Amino acid sequence: MEKAELIWLNGEFVPWDEAKVHVLSHGLHYGSGVFEGIRCYETERGPAIFRHREHLERLAKSAEMFYLEMPFSGEQIRSATHELIVRNGLRSCYIRPLAFRGYGEMGLYAPTAPIDVMVAVWPWGAYLGEEGKEKGIRARVSSWRRISPAGLIPHSKASGQYLNSILAKTESANAGYEEAILLDERGFVCEGSGENVFLVREGTLVTPPHTASILDGISRKSVIQIARDLGYTVVERDVARAELYLAEEIFLTGTAAELVPVREIDDHSIGEPGEITRHVQGKYEDALCGRAEEYLEWLDFVDQPAPVDEGSKVTS
Ligand code: PPE
């Protein structure tokens with residue numbers, strides 16, 4: 001990964017290589033942490049964080065559902081993130097806040113172990129490749145089902161839950177595919193290992209509902225609104241596996257991935273990215289980069305942007 005200079009850890013800005021924790025941190029043993037994936041884009045008015053407040057609200061809710069008491073408010077994390085972007089001299093980056101149970105007490109019930117909070121920012125390119133965004137990716141339905149709401153909390157972006165996503169992603173990568181699509185415990189289509197999924201069926205956009213164990217994706221929500229504003233019908237309903245094969249178009253949405261067309265699923269060809277995918281993708285990318293007036297309210301502009309001179313680093 002590409003390093004930045006500073007990481008924000010428990011209220012301090014520390015050098016990247018010194019942002020360390022104890023090996024007996026609770027979160028390392030049990031996955032007892034919650035995180036977010038956010039992106040900051042370079043716009044004409046300087047760096048801007050896409051739907052920053054919504055991401056921080058989801059972080060707070062993820063924490064609350066796992067009984068983690070956040071020692072910092074969303075507003076404190078928000079302003080620390082702004083300062084971190086400026087001090088690292090970045091104009092566009094990925095943002096990773098993480099809150100986890102730290103060092104102090106072992107065992108599953110460890111209410112006295114502190115909650116550590118960090119935010120890191122770094123340049124992160126297209127998650128499923130630039131070519132994937134352009135030409136579409138090859139995906140495969142995973143043999144692993146998405147975590148069930150009977151045993152975990154799909155709506156929470158909790159660290160330990162990602163072992164499920166890692167199994168699915170690893171299986172698909174080892175088999176030569178770019179992404180895995182997980183079914184929910186009932187066998188209906190759920191989502192990608194790190195993205196929500198949309199299909200086009202007879203000109204209508206279809207995406208699995210909240211009851212299908214999805215993560216309530218912020219890109220998903222944005223794309224639903226954009227598609228409706230463009231005049232398309234978007235339906236949230238259960239999707240049968242075979243509908244993936246019958247779909248006219250398929251695409252994935254996520255912060256890291258952005259909007260990525262799927263050109264092949266389980267070795268069935270869907271074809272080149274379709275018209276609706278292209279239309280929505282174009283508008284979505286405009287929204288991310290501040291080129292769409294109607295969605296400017298989604299951007300959290302970072303004050304005192306670093307100077308634009310050569311390269312992306314500030315030299316002081
Ligand atoms: N489902 C899952 C399981 C998921 O991890 C993500 C985001 C989404 C859906 C889409 O949510 P949203 O980003 O709010 O639209 N995955 C994050 C982490 C990826 C990673 O590998 O780390 C991300 O995209 O940042």
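Just so you know, these numbers come straight off a predicted model, no measurement behind them. Numbering of ligands and ligand atoms starts at 1, following listing order.
- Shown here is E294, whose CD atom has more than 12 heavy atoms of other residues, nucleotides or ligands within 6.0 Å.
- Residues F35 and Y162 place their aromatic rings such that the two centres sit under 6.0 Å apart.
- Side-chain atoms of E248 come within 3.5 Å of backbone N or O of E202 as a donor-acceptor pair.
- Using a 4.0 Å heavy-atom cutoff, K157 is listed among the residues neighbouring ligand 1.
- Looking from atom 19 (C) of ligand 1 to the surrounding protein, the closest heavy atom is Y127 OH, 3.5 Å.
- G217 CA, 3.5 Å is the protein heavy atom nearest to atom 11 (O) of ligand 1.
- Distance alone, capped at 3.5 Å, is enough to place a donor-acceptor pair between the Q281 side chain and the L259 backbone.
- Near G254, with a cut-off below 4.0 Å to any heavy atom, the atoms of ligand 1 are 10 (C), 13 (O), 15 (O).
- Scanning the protein for heavy atoms near atom 13 (O) of ligand 1, the closest one is T255 OG1, 2.6 Å.
- If you look at R96 next to ligand 1, the close heavy atoms, those under 4.0 Å, all belong to the side chain.
- For atom 3 (C) of ligand 1, the nearest protein heavy atom (residue, atom name, distance) is E191 OE2, 3.2 Å.
- For atom 10 (C) of ligand 1, the nearest non-hydrogen atom of the protein is N196 OD1, 3.6 Å.
- Residue A256 has at least one N or O atom closer than 3.5 Å to an N or O atom of ligand 1.
- Checked by distance only, ligand 1 and S193 stay at 3.5 Å or farther apart across all their nitrogen or oxygen atoms.
- Judged by the 6.0 Å distance and 45° axis criteria, K283 is not positioned over the aromatic ring of Y232.
- Here's the thing with S219: one of its N/O atoms is less than 3.5 angstrom from an N/O atom of ligand 1.
- In this structure a side-chain-to-backbone donor-acceptor pair under 3.5 Å is missing from D266 to H268.
- Within the 3.5 Å criterion, the main-chain N or O of E36 finds a donor-acceptor partner in the side chain of R96.
- Contacts with ligand 1 closer than 4.0 Å are made by no heavy atom of E36, backbone or side chain.
- The protein atom (non-hydrogen) at minimum distance from atom 25 (O) of ligand 1 is Y94 OH, 2.5 Å.
- For L215, every heavy-atom contact with ligand 1 shorter than 4.0 Å involves the side chain, none the backbone.
- Of the protein's non-hydrogen atoms, G194 O, 3.3 Å is the one closest to atom 6 (C) of ligand 1.
- Considering backbone and side-chain atoms alike, I218 places an N or O below 3.5 Å from some N or O of ligand 1.
- Side-chain atoms of E179 and S193 include a donor-acceptor pair closer than 3.5 Å.
- Formation of a donor-acceptor pair under 3.5 Å by the D184 side chain with backbone atoms of S213 is not found in this model.
- Assignment of R58 to the shell around ligand 1 is supported, since a heavy atom sits closer than 4.0 Å.
- Here the side chain of S269 pairs no donor or acceptor atom with the backbone of E264 at under 3.5 angstrom.
- Of the protein's non-hydrogen atoms, the one nearest atom 5 (O) of ligand 1 is Y162 OH, 2.4 Å.
- Inclusion of W124 in the set of residues having an N or O under 3.5 Å from an N or O of ligand 1 is not warranted.
- With hydrogens and angles ignored, the 3.5 Å screen pairs no side-chain donor or acceptor of H26 with any backbone N or O of G33.
- Side-chain atoms of R78 do not come within 3.5 Å of backbone N or O of D300 as any donor-acceptor pair.
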